[in-house]
Amino acid sequence: MAGHDKLTREAKDLGELLEMALGENDTSIVQDVAAQLPALAKRVREMELSQMLSGAQDRNDAIVSISPGAGGIDAQDWAEILMHMYLRWCERKGFKTEIINHQPGDDAGVKDVSFTVSGPYAYGFLRAENGVHRLIRISPFDSNARRHTGFAAVLVTPDLGETSDVVEIRPEDLKVDTYRSGGAGGQHINKTESAIRLTHIPTGIVVA
């Protein structure tokens with residue numbers, strides 16, 4: 001890669017120049033080399049970032065969905081905390097956000113929330129947040145001040161926008177899981193495999 005080779009040559013040249021200056025005790029050359037290092041370091045960081053964000057959809061906007069898991073009200077509160085953390089981070093990055101779905105919790109937090117993030121490489125920056133996040137703390141909702149654990153699932157998908165391309169989903173690319181749905185009451189609740197989760201293996205997209 002031309003850019004990588006150029007940076008390598010420049011770093012090597014500066015190293016040799018610095019070694020020579022130290023051998024001759026030439027402080028003016030040492031100062032000159034030191035003055036060039038910040039610009040070189042900046043270009044190295046930019047190249048590292050471009051390599052990290054080189055995925056096919058990394059340039060796209062993102063859709064972030066957060067759902068509480070096990071942990072009751074603490075999980076719902078944790079989901080809302082995550083929402084505020086991501087929104088604040090997006091604000092600092094200069095990304096534009098828009099909440100497209102928000103279901104408040106019964107007493108605190110949220111039951112479900114989704115928002116879009118628009119900006120350069122939004123999906124590339126956020127895709128690492130995919131997964132289940134856990135919070136262990138002394139619960140502010142427990143009168144006995146006991147330790148509780150809350151879980152929240154974060155799903156980040158690229159916003160593909162308007163496209164005329166035909167998306168082919170092959171059966172062999174799908175993982176199908178069936179499980180018992182939760183909830184109270186009902187003849188079949190918790191007795192039959194009445195819920196289904198589909199995972200698109202190539203992209204990691206999950207639909208339940």
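Throughout, residue positions are numbered sequentially from 1 according to the sequence presented. FYI, side chains are in, hydrogens and waters are out, and symmetry mates aren't considered; it's all heavy atoms of this structure. Computed from a predicted model, the values in this text were never measured in an experiment.
- By the 4.0 Å N-to-carboxylate-O rule, Arg137 lies close enough to Asp77 to be salt-bridged with it.
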Item checked: Worked check of side-chain contact (heavy atoms from CB on, under 4.5 Å) between Tyr86 and Thr97 -> CA-CA 10 Å; Tyr86 291 133; Thr97 59; over 6 Å; no
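- Ring planes of Phe125 and Phe95: tilted class, angle from 30 to 60°.
- Annotation: Glu19, atom CD; neighbour count of heavy atoms from other residues, nucleotides and ligands within 6.0 Å does not exceed 12.
- In this structure the side chain of Phe141 reaches within 4.5 angstrom of the side chain of Asp74, judged on heavy atoms.
- His148 contributes atom NE2, which lies 5.0 Å from atom CZ of Arg146 (distance to the nearest 0.5 angstrom).
- Residues Leu14 and Leu37 have side chains in contact (heavy-atom distance under 4.5 Å, counting atoms from C-beta outward).
- Among all heavy-atom pairs drawn from Asn60 and Pro158, the shortest one is CB-CB, 4.3 Å.
- Looking at Leu155 and Thr157, their side chains come closer than 4.5 Å, going by heavy atoms from C-beta outward.
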Notebook entry, point to check: Would Asn101 and Val113 count as a side-chain contact (heavy atoms from CB on, under 4.5 Å) if you check the C-alpha gap in whole Å, the side-chain angles of each, and the deciding distance to 0.1 Å?
Noted result: CA-CA 5 Å; Asn101 176 50; Val113 63; 5.9 Å; no
Next item on the list: Could you check Asp106 against Lys111 for salt bridge (charged side-chain N to carboxylate O under 4.0 Å, His left out), going step by step and ending with a plain yes or no?
Entry: CA-CA 8 Å; Asp106 296 326; Lys111 289 183 176 179; 2.9 Å; yes
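- Atoms CG and OG, from Asp112 and Ser65 in turn, are 6.5 Å apart once rounded to the nearest 0.5 Å.
- Looking at every heavy atom in both residues, Phe115 comes nearest to Ile99 through CB-CA, 3.7 Å.
- In this structure, Leu18 and Val30 have side chains that are in contact, with non-hydrogen atoms separated by less than 4.5 Å.
- When side chains are defined from C-beta on, Leu198 does not count as touching Lys175, because their heavy atoms never get closer than 4.5 Å.
- Rounding to the nearest 0.5 Å places CG of Leu40 at 10.5 Å from CG of Asp13.
- Here OG1 of Thr149 is found 11.5 Å from CH2 of Trp78. Values are rounded to the nearest 0.5 Å.
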Next item on the list: Determine, step by step, whether Asp173 and His200 satisfy the side-chain hydrogen bond (donor to acceptor under 3.5 Å, both in side chains) criterion, reporting the C-alpha distance in whole Å, the side-chain angles of both residues, the deciding distance to 0.1 Å, and the verdict.
Entry: CA-CA 6 Å; Asp173 290 338; His200 188 234; 4.5 Å; no
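- Note: Gln103 CD to Ser114 OG = 9.0 Å, rounded to the nearest 0.5 Å.
- In this structure the side chain of Glu10 never reaches within 4.5 angstrom of the side chain of Lys12, judged on heavy atoms.
- Taking 4.5 Å as the limit, some side-chain heavy atom of Ile100 sits within range of a side-chain heavy atom of Thr116.
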Checklist line | CA sep, side-chain torsions, deciding dist, call: Leu82, His133, side-chain contact (heavy atoms from CB on, under 4.5 Å) | finding: CA-CA 9 Å; Leu82 284 172; His133 298 250; 4.0 Å; yes
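- Following chains of ILVMFWY side-chain contacts shorter than 4.5 Å, one cannot reach Met83 starting from Phe151, and the two form parts of different hydrophobic clusters.
- Cluster membership for Leu22 and Leu17, using ILVMFWY side-chain heavy atoms within less than 4.5 angstrom, is shared.
- Val110 approaches His102 most closely through the heavy-atom pair CG1-NE2, 3.3 Å.
- Linking ILVMFWY side-chain heavy atoms closer than 4.5 Å, directly or via other members, places Ile63 and Leu160 in two distinct hydrophobic clusters.
- Taking OH of Tyr123 as the reference point, atom CD of Gln57 lies at 6.5 Å (rounded to 0.5 Å).
- Taking both residues in full, the closest heavy atoms of Ile201 and Leu174 are given as CD1-C, 4.4 Å, listed atom of the first, atom of the second, then distance.
- Leu87 and Val156 fall within the same hydrophobic cluster, where Ile, Leu, Val, Met, Phe, Trp and Tyr residues are linked whenever their side-chain heavy atoms come under 4.5 Å apart, directly or through other members.
- Looking at Val64 and Leu126, their side chains come closer than 4.5 Å, going by heavy atoms from C-beta outward.
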Notebook entry, point to check: How far apart are the C-alpha atoms of Glu16 and Met20, what are their side-chain angles, what is the distance that settles it, and do they pass the side-chain contact (heavy atoms from CB on, under 4.5 Å) test?
Noted result: CA-CA 6 Å; Glu16 293 175 350; Met20 182 183 67; over 6 Å; no
